[in-house]
Q: 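The following block contains the structure, expressed as structure tokens.
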Amino acid sequence: MADMPKIPRDSGPVQGGLLPGAEGQAAFELHRRKPSAVPVLLAVPHAGRAYPPDLLQRMRHPEQACLRLEDRLADLVATRVAEATGAALLVANAPRAMIDLNRATEDMDWEMVAGGRPGSALREALGGRARYAAGRRARSGLGLVPRRLPGMGELWKSRLDPEELDARIELVHRPYHGMLAQALETLRDRWGAALLLDIHSMPPLGSKAGHDPAPDFVIGDRYGSSCGAHLSLAAFHHFDAEGRRAAHNRPYAGGYVLDRHGAPARGLHAMQVEICRAAYLDPSLQEAGEGLDAVADVIAGLVRRLAEELVAGPRSMPQAAE
């Protein structure tokens, strides 16, 4: 991407949280310009690659499992977009294998925890409730701490200590969402509204050839509940103008991040953007590929378009003649 502006030094990064097992390392970083250039915050919760040695030692197949759990190098795309547009950027260093920032703290498979009961930090986070019902994703193996993957089975050699789970929540999950919420509110206070673009990556959903090629992008808005309809519509208009195929809510509608932070009635909008890994990674889907800059250009254009829509507000739709 030519002549890309750089994020000014005085904008960050603001480091937050602590990575358990990696003394002194921040769990996430917030980059932002002051004053903000656009009312958009990019967040990348699943691309963290800071693996403490003890975490890797406890995994059965660390290299394969870590790669499959990551939104591989999605942070590189988001960084280029932030540099090109001035959007704020929140990037997790903590890996998804340690804790999934797109899951609620109660969405846990308690059979993988020694003793099977939440520790003190989690009891406080849940308001002291006595029952802890795991959701569908946790039961499938992808809860707050991933337990298993298809074709690999169990990820861990032993159960997780409750105290360690407490530490991950207190040092990573809770402060991450606190910083995310504060950053959105700061943007909303300046612009009157704010938009979170939660950036993820997905495996190819099928062939890109034929009469019905698989999409390169999936827009998730929790079926219209996490952001204004005019923003979702503008996103699809943008992808269409770019000649990029995009799907809506299927198979990815967004998760906990959108449920927690999307509040359109309060001027806080949240949209998930899934990017096909084949569009920006090499054929092995492990390293940056030739398409990375082109994908970053498309997402940068999306940020600009949605920023304009956000500031303008929803427009009344033309009425049909009676």
Q: Against R168, only a single residue in L144, T105, V145 fulfils side chain to side chain contact (heavy atoms under 4.5 Å, CB included); can you say which?
A: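 Between R168 and the candidates, side chain to side chain contact (heavy atoms under 4.5 Å, CB included) is satisfied uniquely by V145.
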Q: Please report the closest heavy-atom contact between A114 and D161, naming both atoms and the distance.
A: CB-OD1, 4.3 Å
Q: side-chain contact (heavy atoms from CB on, under 4.5 Å), that's the test. Do H237 and L233 meet it? Break it down for me.
A: CA-CA 6 Å; H237 284 169; L233 183 62; 3.7 Å; yes
Q: Ignoring hydrogens, what is the shortest heavy-atom contact between V257 and L101? Give both atom names and the distance.
A: CG2-O, 3.6 Å
Q: Could you tell me whether the side chain of H238 reaches within less than 4.5 Å of the side chain of V298, counting heavy atoms only?
A: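 Side chain of V298 against side chain of H238, heavy atoms only: contact under 4.5 Å found.
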Q: Kindly indicate, with the supporting measurements, whether the criterion side-chain contact (heavy atoms from CB on, under 4.5 Å) is fulfilled by R103 and M108.
A: CA-CA 9 Å; R103 298 288 182 270; M108 182 76 187; over 6 Å; no
Q: Pick from V91, L90, V14, L19: which one makes a side chain to side chain contact (heavy atoms under 4.5 Å, CB included) with F28?
A: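 Among V91, L90, V14, L19, the one meeting side chain to side chain contact (heavy atoms under 4.5 Å, CB included) with F28 is L90.
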Q: Who pairs with R188 by side-chain hydrogen bond (donor to acceptor under 3.5 Å, both in side chains), at least two apart in sequence or on another chain?
A: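 Partners of R188 under the side-chain hydrogen bond (donor to acceptor under 3.5 Å, both in side chains) test: none.
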Q: Could you check whether any side-chain heavy atom of C66 comes within less than 4.5 Å of a side-chain heavy atom of R96, counting everything from C-beta outward?
A: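 Side-chain contact under 4.5 Å: no.
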Q: Is there a donor-acceptor contact under 3.5 Å from the side chain of W191 to the main chain of L310?
A: no
Q: In terms of side-chain geometry, is the basic nitrogen of R49 or E70 positioned less than 4.0 Å from the acidic oxygen of its partner?
A: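 Salt bridge between R49 and E70, a charged N being under 4.0 Å from a carboxylate O: no.
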Q: State, yes or no, whether a side-chain contact exists between I275 and M202 at a heavy-atom distance under 4.5 Å.
A: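 In short, these two side chains do not touch, never coming nearer than 4.5 Å.
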Q: Under 3.5 Å, is there a donor-acceptor pair between the H200 and D198 side chains?
A: yes
Q: What are the two closest heavy atoms between V295 and A279, and how far apart are they?
A: CG2-O, 3.5 Å
Q: Is the shortest side-chain heavy-atom distance between P162 and L165 below 4.5 Å?
A: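 When only atoms from C-beta onward are counted, L165 and P162 do not touch, as no gap falls below 4.5 Å.
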Q: Can you tell me how far the CE atom of M271 sits from the CG atom of L196, to the nearest 0.5 Å?
A: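 So the CE of M271 and the CG of L196 are separated by 10.0 Å.
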Q: Is the closest side-chain donor-acceptor distance between D221 and S226 under 3.5 Å?
A: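 No, no side-chain donor-acceptor pair sits under 3.5 Å.
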Q: Under the 3.5 angstrom rule, does the side chain of K157 hit a backbone N or O of Q57 as a donor-acceptor pair?
A: yes
Q: Report whether L258 and Y223 are members of the same hydrophobic cluster (ILVMFWY, side-chain heavy atoms less than 4.5 Å apart, transitive linking).
A: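 Not linked; separate clusters.
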Q: Going through the checks in order, is the side-chain contact (heavy atoms from CB on, under 4.5 Å) test met by L281 and Q286?
A: CA-CA 6 Å; L281 294 177; Q286 296 186 29; over 6 Å; no
Q: Between D71 and R277, does the salt bridge (charged side-chain N to carboxylate O under 4.0 Å, His left out) criterion hold? Intermediate values first, please.
A: CA-CA 8 Å; D71 283 346; R277 292 171 194 152; 3.6 Å; yes
Q: What I want to find out is whether R304 reaches E308 closely enough, with some N-O distance under 4.0 Å, to be called a salt bridge.
A: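 The answer is no: the pair does not qualify as a salt bridge.
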Q: For the pair E274 and Q272, evaluate side chain to side chain donor-acceptor pair (under 3.5 Å) and give the outcome as yes or no after the intermediate values.
A: CA-CA 7 Å; E274 292 273 358; Q272 180 172 290; 3.1 Å; yes
Q: Is E164 salt-bridged to R159, cutoff N-O under 4.0 Å?
A: no
Q: Backbone N or O of R222 within a donor-acceptor pair of the S225 side chain at under 3.5 Å?
A: yes
Q: Compare every heavy atom of A50 with every heavy atom of Q25, then report the nearest pair and how far apart it is.
A: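 Scanning both residues completely, I find the closest heavy atoms to be NE2-CB, 3.3 Å.
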Q: Nearest 0.5 angstrom please: N249 CG to S232 OG, how far?
A: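 If we round to the nearest 0.5 Å, N249:CG and S232:OG are 7.5 Å apart.
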Q: Do the side chains of R148 and M152 get nearer than 4.5 Å, heavy atoms only?
A: no
Q: I want to check something: taking the side chain as every heavy atom from C-beta on, are V81 and V303 in contact at a cut-off of under 4.5 Å?
A: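 Yes; the side chains approach each other to less than 4.5 Å.
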Q: Quick check: closest heavy atoms across R250 and V218, and the distance to 0.1 Å?
A: O-CG1, 4.0 Å
Q: Kindly indicate, with the supporting measurements, whether the criterion side-chain contact (heavy atoms from CB on, under 4.5 Å) is fulfilled by L306 and L197.
A: CA-CA 10 Å; L306 294 180; L197 285 183; 4.0 Å; yes
Q: Out of curiosity, H177 NE2 to Q182 CD, how far, rounded to the nearest 0.5 Å?
A: 15.0 Å
Q: Would a single hydrophobic cluster contain both V77 and L67, if residues Ile, Leu, Val, Met, Phe, Trp and Tyr are joined by side-chain heavy-atom contacts under 4.5 Å?
A: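 Looking at the clustering, V77 is in a separate group from L67.
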Q: F217 vs F239 aromatic rings, parallel, tilted or perpendicular, using cut-offs 30° and 60°?
A: parallel
Q: Can a donor-acceptor pair be found between the side chains of H173 and D100 at a distance below 3.5 Å?
A: no
Q: Taking the side chain as everything from C-beta on, heavy atoms only, tell me whether L89 gets closer than 4.5 Å to L41.
A: no
Q: Which heavy atom of P35 sits nearest to which heavy atom of R190, and what is that distance?
A: CB-CZ, 3.7 Å
Q: Strictly distance-based, threshold 3.5 Å: is any side-chain N or O of R174 a donor or acceptor partner for the main-chain N or O of I169?
A: no
Q: Run the side-chain hydrogen bond (donor to acceptor under 3.5 Å, both in side chains) test against R244 and tell me which residues pass, sequence neighbours left out.
A: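 Scan of R244 (side-chain hydrogen bond (donor to acceptor under 3.5 Å, both in side chains), adjacent residues dropped) gives D216.
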Q: With a 4.0 Å cut-off on N to O distance, would you call R245 and D212 a salt bridge?
A: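 Counted as a salt bridge, because a side-chain N and a carboxylate O are separated by less than 4.0 Å.
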Q: Distance from L149 atom CG to H61 atom NE2, nearest 0.5 Å?
A: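 Reported to 0.5 Å precision, the distance equals 10.0 Å.
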Q: Has the side chain of D166 got a donor or acceptor atom that lies under 3.5 Å from a matching backbone atom of E170?
A: no
Q: Give a yes or no answer on whether the side chain of H269 reaches the backbone of A194 with a donor-acceptor pair at less than 3.5 Å.
A: no
Q: With a 3.5 Å distance limit and no angle check, can you tell me whether R147 reaches the backbone of W156 through a side-chain donor-acceptor pair?
A: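 Pair absent, no side-chain N/O of R147 close to backbone of W156.
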Q: To the nearest 0.5 Å, what is the distance between CG on L69 and CG on L142?
A: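 Between L69 CG and L142 CG, I get 7.0 Å after rounding to 0.5 Å.
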Q: Measure the shortest side-chain to side-chain distance between P39 and L195 over non-hydrogen atoms and say whether it is less than 4.5 angstrom.
A: no
Q: Just verifying a value: how many Å separate Y51 OH and M98 CE, rounded to the nearest 0.5 Å?
A: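 It is 10.0 Å, given to the nearest 0.5 Å.
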Q: Indicate if Y256 and I199 have the same hydrophobic cluster label, given that clusters are the connected sets of ILVMFWY residues with side-chain heavy-atom separations under 4.5 angstrom.
A: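 Hydrophobic grouping puts Y256 apart from I199.
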